[in-house]
Structures are given as C-alpha cells and as structure tokens.
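Please read the structure below before turning to the comments.
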Amino acid sequence: MPELVIPIILVALAAIGIGLLLTAIGIYRRLAELTMTLGDLRNLLVDNQAELSQAAKGIERVHDDLTRIVANSSKGAEIVRSFTRLPTR
C-alpha cells in the first residue's frame with residue numbers, strides 16, 4: 001500500500017495541474033475576446049464621434065443659413081411694405 005501512495009499523489013497533482021492549465025487557457029481566451037471587443041467598441045466610439053462632429057457642423061451651417069434667410073425675408077418684407085405703403089408691424 002505505501003508503494004502506491006506516492007504515484008497516486010503524483011497523479012492527483014498532475015490532474016490538478018492540468019485543471020489549472022486548462023482554466024488558465026480558458027481565462028486567456030476569454031480575455032483575448034474581451035480585448036478584441038473593447039477594441040471594436042473603441043473604434044465604434046471614434047467613428048460615432050466623427051459622425052457627431054460632422055452632424056454638429058451640418059446643423060450649425062443649416063442654422064446659419066436659416067438665420068440669413070429669416071434676416072433677408074424680414075428685409076424683403078420691409079421693402080415690400082415701403083413700396084406698397086402698408087403699415088409696418
């Protein structure tokens with residue numbers, strides 16, 4: 001019986017070592033997937049920030065155009081009133 005104790009302990013330690021190795025490999029794979037997912041999310045964020053910046057610039061241009069149109073239409077209305085002699089506001 002004492003002759004089998006050491007080989008049994010060695011086999012048990014080997015099984016524990018293999019289990020730990022497989023666990024470490026699983027954790028490594030999961031971390032690699034998470035790292036790639038974080039990289040994808042970062043790329044999406046950068047793309048979205050660029051799109052938001054372009055949208056903000058577009059909105060600013062439209063606002064400027066609308067302001068200019070309103071100012072021009074007010075001046076045009078004043079000119080029409082002055083020629084037709086309608087009361088101003």
Side-chain angles (χ1 to χ4, degrees):
M1 186 83 169
E3 300 169 355
L4 294 176
V5 172
I6 292 176
I8 291 173
I9 291 174
L10 289 176
V11 169
L13 287 174
I16 291 171
I18 290 172
L20 288 174
L21 179 64
L22 292 177
T23 302
I25 290 172
I27 290 171
Y28 176 76
R29 285 185 177 174
R30 189 64 59 106
L31 285 174
E33 291 173 6
L34 288 174
T35 302
M36 289 188 325
T37 301
L38 286 174
D40 292 342
L41 288 174
R42 186 183 68 224
N43 290 338
L44 286 174
L45 178 65
V46 168
D47 292 343
N48 285 339
Q49 284 178 341
E51 289 176 6
L52 286 174
S53 175
Q54 288 177 345
K57 288 177 185 175
I59 289 170
E60 185 177 340
R61 276 189 242 134
V62 169
H63 179 265
D64 292 344
D65 290 344
L66 287 174
T67 302
R68 192 171 37 251
I69 288 170
V70 168
N72 290 343
S73 67
S74 295
K75 295 226 182 222
E78 287 179 24
I79 292 170
V80 168
R81 284 189 195 111
S82 68
F83 280 121
T84 58
R85 298 176 197 250
L86 292 174
T88 56
R89 297 188 193 218

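As the structure is a prediction and not an experimental result, all values here were calculated from the model. One-based numbering along the sequence shown.
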Could you tabulate the donor-acceptor pairs under 3.5 Å formed by side-chain atoms of residues 43-58, not counting sequence neighbours?
residue: Asn43; atom: ND2; partner: Gly39; partner atom: O; Å: 3.4
residue: Asn48; atom: ND2; partner: Leu44; partner atom: O; Å: 3.4

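- Separating the CD1 atom in Ile18 from the OG1 atom in Thr23 is a distance of 11.5 Å, to the nearest 0.5 Å.
- A distance of 10.5 Å separates CG of Asn72 from OG1 of Thr67, quoted to the nearest 0.5 Å.
- Ile6 pairs with exactly one of Ile9, Leu10, Leu4 by the side-chain contact (heavy atoms from CB on, under 4.5 Å) rule, that one being Leu10.
- Under 4.0 Å is where a charged nitrogen must lie from a carboxylate oxygen, and between Asp64 and Arg61 no such pair does.
- Atom CD1 of Ile27 and atom CG of Leu34 lie 11.5 Å apart (nearest 0.5 Å).
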